[in-house]
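What follows is a single structure, written as structure tokens, with notes after it.
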Amino acid sequence: MKTFFNAEHAHHEGMVEMFRGEFVPCFDVPARAERVLVEMRRRGLGTMANPAPIKDEALLRVHAPRYVDFLRDAWSSWVALDPANAYRDALPSVWPVRQHRTDVVPDNFAARLGLFSFDAGTPLTQGAWRAARGGAACAIAAARHVQTGAKGAFALTRPPGHHAGYDFFGGYCFLNNAALAAQTLRDGGAERVAVLDIDYHHGNGTQSLFYERADVVYVSIHADPRTDYPFYLGHADERGCGPGEGSNVNLPLPRGTPFGVWRAALAQALHVIAEARVDALVVSLGVDTFEGDPISGFLLCSDDYLQVGEEIAYAHLPPVFVLEGGYAVDAIGVNVANVLEGYVA
Ligand code: Q9C
Ligand code: ZN
């Protein structure tokens with residue numbers, strides 16, 4: 001399987017994230033992508049390619065113009081606030097609550113950070129824009145590759161994307177790679193596209209982008225938002241609205257879910273996708289469902305991921321795999337490679 005590797009990923013390397021009142025080292029580290037690359041090379045799994053560069057306009061298929069402007073200028077605005085900021089990452093510390101106005105873009109950069117984000121766990125680094133844009137290029141290139149008739153493609157990138165929405169970042173995500181892949185497939189002629197999201201966390205960004213659309217079906221298996229991030233979206237009764245009514249399917253599971261139960265949810269998700277009669281498939285591939293993940297609570301073992309890939313192959317749709325979460329650095333290479341190997345085997 002052709003793999004589009006984001007060679008720019010290491011430009012984004014956050015120092016700390018805010019977690020329950022203290023700064024902790026970032027979980028989305030450059031080693032994540034490197035370990036996957038090393039393991040795929042070791043197994044001779046797929047050929048590595050660099051994506052064609054994209055124009056910023058390509059991002060506007062999914063994101064708000066003022067959000068893209070914000071991201072592009074964020075670092076220079078941050079440093080302009082205080083020259084000493086060049087040595088620390090930008091973390092939001094103020095947010096508009098529901099009754100506040102969000103139509104006016106503030107001049108104050110700290111206020112802009114809050115307007116375009118939803119948590120303080122996602123440091124906006126000097127290289128975030130460059131790395132995120134490189135990832136978007138990978139997702140778009142992978143989608144185009146599948147559309148030329150390939151059996152599948154993989155966007156090997158970080159930072160991840162599924163928490164990023166039309167005009168907000170958070171959950172370590174800035175640009176929604178999976179949504180860009182889905183939109184690229186639509187623009188290339190696919191009538192209906194499914195996004196299967198198997199990251200441990202609900203993809204609130206992807207869901208919200210397609211919630212009112214029938215042409216992109218979002219199906220997600222994730223930890224119950226009553227107990228787990230991103231908390232405010234991902235419940236089972238969110239089924240889409242307007243023309244998108246019925247095209248959003250959330251399958252939340254409790255913390256501590258073992259593979260047997262998770263696999264039944266995957267079968268259900270694939271059944272929904274089969275019934276939706278889509279012509280293309282994007283897989284938001286997070287492996288933070290792993291039993292050893294430091295921030296998650298499902299119990300999948302490394303060998304289970306071979307079966308995950310195999311089950312996805314039964315959908316008979318050439319998938320665009322896009323890397324999302326997975327923070328057990330020592331296992332991420334094996335876990336991701338197992339999904340891809342299970343798929344091609
Ligand atoms: N101390 C993705 O997997 N909060 N994002 C975790 C841990 C945010 C995860 C707190 C988790 C976001 C793409
Ligand atoms: Zn996740």
Side-chain angles (χ1 to χ4, degrees), residues 6 9 12 14-33 36 89 91-92 95 117-124 128 131-132 135-136 139 155-165 168-181 195-209 218 220-234 250-253 255 257 262 282-300 305 308 321-329 331-332 335-336 339:
N6 180 9
H9 82 87
H12 177 59
M15 294 173 248
V16 289
E17 57 186 72
M18 172 66 86
F19 180 65
R20 298 187 189 165
E22 61 178 359
F23 288 118
V24 300
C26 286
F27 289 94
D28 175 29
V29 292
R32 296 179 58 243
V36 174
D89 300 329
L91 275 178
W95 290 272
S117 69
F118 68 98
D119 69 28
T122 310
L124 204 165
L156 173 42
T157 186
R158 56 166 290 281
H162 74 153
H163 296 302
F168 55 83
F169 71 91
Y172 316 152
C173 305
F174 298 93
L175 296 172
N176 196 313
N177 304 313
L180 285 160
V195 178
L196 170 65
D197 191 331
I198 58 172
D199 186 278
Y200 176 78
H201 306 95
H202 177 253
N204 59 303
T206 314
Q207 169 170 315
S208 62
L209 277 162
Y218 178 72
S220 178
I221 305 165
H222 52 267
D224 193 324
R226 285 178 178 82
T227 57
D228 279 79
Y229 190 90
F231 304 115
Y232 310 110
L233 211 62
N250 283 329
L251 303 171
L253 295 170
R255 294 184 77 86
T257 292
W262 191 93
V282 175
V283 179
S284 262
L285 176 56
V287 292
D288 38 12
T289 46
F290 178 56
E291 56 177 349
D293 196 90
I295 64 170
S296 308
F298 289 167
L299 301 174
L300 275 67
Y305 289 103
V308 173
F321 289 101
V322 178
L323 186 61
E324 303 285 0
Y327 306 98
V329 174
I332 189 174
N335 294 347
V336 169
V339 173

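Counting from 1, the numbers follow the sequence of the chain as shown. Because the structure is predicted, anything quoted here is derived from the model rather than measured. Note that ligands are numbered from 1 as they come in the structure, with each ligand's atoms numbered from 1 the same way. FYI, side chains are in, hydrogens and waters are out, and symmetry mates aren't considered; it's all heavy atoms of this structure.
On a distance-only criterion, Y229 and ligand 1 share no N/O pair closer than 3.5 Å. Remark: ligand 1 and H201 share an N or O pair separated by less than 3.5 Å (distance only, no angle test).
Take the Zn ion (ligand 2) as the corner point: the lines to OD1 of D199 and to OD2 of D288 open at 110°, to the nearest 10 degrees.
The aromatic ring centres of Y327 and Y172 sit less than 6.0 Å apart.
Looking only at its N/O/S atoms, H201 has ND1 as the one nearest to the Zn ion (ligand 2).
Using a distance-only test at 3.5 Å, with no hydrogens or angles considered, no donor-acceptor pair links the side chain of N250 to the main chain of S220. With hydrogens and angles ignored, the 3.5 Å screen pairs no side-chain donor or acceptor of D199 with any backbone N or O of D288.
Interface of H162 with ligand 1, defined as ligand atoms under 4.0 Å from a residue heavy atom, comprises 13 (C). Ligand-side atoms of ligand 1 in range of H163: 2 (C), 5 (N), 9 (C), 13 (C), range being under 4.0 angstrom from any heavy atom. With ligand atoms numbered from 1 in the order given, ligand 1 contributes 13 (C) to contacts under 4.0 Å with heavy atoms of P160.
Counting heavy atoms under 4.0 Å from ligand 1, residue D288 touches it through the side chain alone.
Remark: distances from the non-hydrogen atoms of Y200 to ligand 1 are all 4.0 Å or more.
Here the heavy atom of the protein found nearest to atom 13 (C) of ligand 1 is Y327 OH, 3.3 Å. Protein heavy atom at the shortest distance from atom 7 (C) of ligand 1 is I295 CG2, 3.6 Å. Scanning the protein heavy atoms around atom 6 (C) of ligand 1, the nearest turns out to be Y172 OH, 3.6 Å. Here the protein heavy atom with the shortest distance to atom 5 (N) of ligand 1 is G171 O, 3.0 Å.
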